[in-house]
Visitor: 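What follows is a single structure, and I will ask about it in a moment.
For ligands, and for the atoms within them, numbers begin at 1 and follow the listed sequence.
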Amino acid sequence: MPRSRHRPRHPNARARTDRERPPQRTHDLGQNDLVDTAVVRDVVAAIIDRRGAIVELAAGTGRITVPLARLGRPLTAVELDPRRISALRRRVGASVTVRHDDLLTTPLPRSPHVMVANLPFHLTTAALRRLLSEPAWTRAALIVQWEVARRRAGIGGASLLTVSWWPWFDFAVHRRIPSTAFRPRPAVDAALLVIDRRSIPLVPHKERVQFQRWAAAIFAVPGDAVTATARVERLTRRRARERCVRLEIDPSRPVSRITAHQWARLWEAR
Ligand SMILES: C[S@@+](CC[C@H](N)C(=O)[O-])C[C@H]1O[C@@H](n2cnc3c(N)ncnc32)[C@H](O)[C@@H]1O
């Protein structure tokens, strides 16, 4: 069953009478658990050399939480489904902080930490937006749909969401995860997407809002780097081409194929 087909019902929503209550559908919450232990090991390995506390979102019944707990670091596991919370508490014991909360709003630490999540697919974009605007985590190891991971990492062309955050984050696909690694099995493969906060941003933080507006304007122009630069910067095509060549950007390159460093150079050259 595709994970994203049904709109999820929030378990904390107004209580309904039995007659009103629809049949329980666990896939509404994207409960595709990770049953492949080799993939679990890869998720843990992705954060093992990053210091700080660990926050796991969408912890489920603890298939990733348990091996994370063995690292002996402060660990908070967040899960929305109250039935899963009870199972999780029994499984991990008192050393893990188990929090019954929504991953989109749960408070995150203000000190450096790492994030882990096998995200419910229907919340992927909302969760990414939320995480990217949080100030303190240094690395996030996230399981997301395969195609989403490729787009976020700029493979075969970056999306505006990626470009908007590229000066401050690096996105990499660590591995593909076959749909057979989950129960119930989703309709599509997934990937382990690892996002690192850049220690030296490519664009100063204080310019983020302006950069994002400008990038959106460039993205809205169909075509290549020259066409977009000329339109947004109000340059002649000749001047725009000269600027691209000077900045080592192929003038005929589609906007979605411009790299993170090239975006930063274009921004600086405005
Ligand atoms: C794909 S499962 C992952 C479970 C477990 N981490 C694993 O890998 O086996 C997603 C989990 O997120 C939970 N979930 C769904 N919506 C959530 C939300 N808004 N906040 C927190 N957890 C949520 C689901 O109940 C489910 O347990």
Visitor: Is there any N or O on Leu119 that sits under 3.5 Å from an N or O of ligand 1?
Guide: no

Visitor: If the condition is side-chain hydrogen bond (donor to acceptor under 3.5 Å, both in side chains), which residues does Glu134 pass it with, not counting sequence neighbours?
Guide: Arg130

Visitor: Hey, does the side chain of Asn32 reach the backbone of Pro184 with a donor-acceptor pair shorter than 3.5 angstrom?
Guide: yes

Visitor: Does any N or O atom in Arg84 lie less than 3.5 angstrom from one in ligand 1, N or O only?
Guide: yes

Visitor: Compile the donor-acceptor pairs under 3.5 Å between side chains in residues 105-117 and protein atoms, sequence neighbours left out, one pair per line.
Guide:
from   : atom 1 : to     : atom 2 : distance (Å)
Thr106 : OG1    : Arg99  : NH1    : 2.7
Thr106 : OG1    : Asp101 : OD2    : 2.8
His113 : ND1    : Ser111 : O      : 2.9

Visitor: Quick one: does Phe182's side chain get under 4.5 Å of Asp36's, heavy atoms only?
Guide: no

Visitor: Is there a polar contact between ligand 1 and Leu103, counting only N or O atoms under 3.5 Å apart?
Guide: yes

Visitor: Just distances here: any N/O of Glu79 and N/O of ligand 1 closer than 3.5 Å?
Guide: yes

Visitor: What I'd like to find out is whether the side chain of His261 reaches to under 4.5 Å of the side chain of Glu248, using heavy atoms alone.
Guide: no

Visitor: Could you say whether the N/O atoms of Ile64 and ligand 1 ever approach to under 3.5 Å?
Guide: no

Visitor: Check the side chains of Thr227 and Arg237 for a donor-acceptor pair under 3.5 angstrom, ignoring hydrogens and angles.
Guide: yes

Visitor: For the 3.5 Å polar cut-off, considering only N or O atoms, please tell me whether Thr61 and ligand 1 meet it.
Guide: no

Visitor: Using non-hydrogen atoms of the residue, decide whether Asp102 is closer than 4.0 angstrom to ligand 1.
Guide: yes

Visitor: Pull out every atom of ligand 1 sitting under 4.0 Å from any heavy atom of Pro120, numbered as shown with elements.
Guide: 12 (O), 14 (N), 15 (C), 16 (N)

Visitor: If you count the atoms of ligand 1 from 1 in the order shown, which ones are under 4.0 Å from a heavy atom of Ala59?
Guide: 5 (C), 6 (N)

Visitor: Can you figure out which of Ala58, Gly60, Gly30 has its heavy atom closest to atom 2 (S) of ligand 1?
Guide: Gly30

Visitor: Taking the minimum heavy-atom distance to atom 23 (C) of ligand 1, which of Asp101, Leu80, Val35 ranks first?
Guide: Leu80

Visitor: When the ring planes of Trp214 and Trp263 are compared, do they come out parallel, tilted or perpendicular, using 30° and 60° as the limits?
Guide: perpendicular

Visitor: Geometry only, no angles: is Asp81 polar-contacting ligand 1 at N/O separations under 3.5 Å?
Guide: no

Visitor: Rounded to the nearest 0.5 Å, how far does CD of Glu207 lie from CD of Gln212?
Guide: 12.0 Å

Visitor: What atoms in ligand 1 come closer than 4.0 Å to a heavy atom of Glu56?
Guide: 6 (N)

Visitor: Any idea which atoms of ligand 1 are less than 4.0 Å away from a heavy-atom of Asn32?
Guide: 1 (C), 2 (S)

Visitor: So which of Thr105, Asp28, Leu29 gets nearest to atom 14 (N) of ligand 1, if we judge by its closest heavy atom?
Guide: Leu29

Visitor: Counting only N and O atoms by type, is there a donor-acceptor contact under 3.5 Å from the side chain of Glu79 to the main-chain atoms of Asp81?
Guide: yes

Visitor: Is there a donor-acceptor pair under 3.5 Å between the side chain of Trp166 and the backbone N or O of Ala158?
Guide: no

Visitor: Using a 4.0 Å cut-off to any heavy atom of Arg63, which atoms of ligand 1 qualify?
Guide: 9 (O)

Visitor: Would His122 count as being in polar contact with ligand 1, using the rule that some N or O on each side must be under 3.5 angstrom apart?
Guide: no

Visitor: In plain terms, say whether Asp196 and Arg50 are close enough for a salt bridge, that is, a side-chain N and a carboxylate O under 4.0 Å apart.
Guide: yes

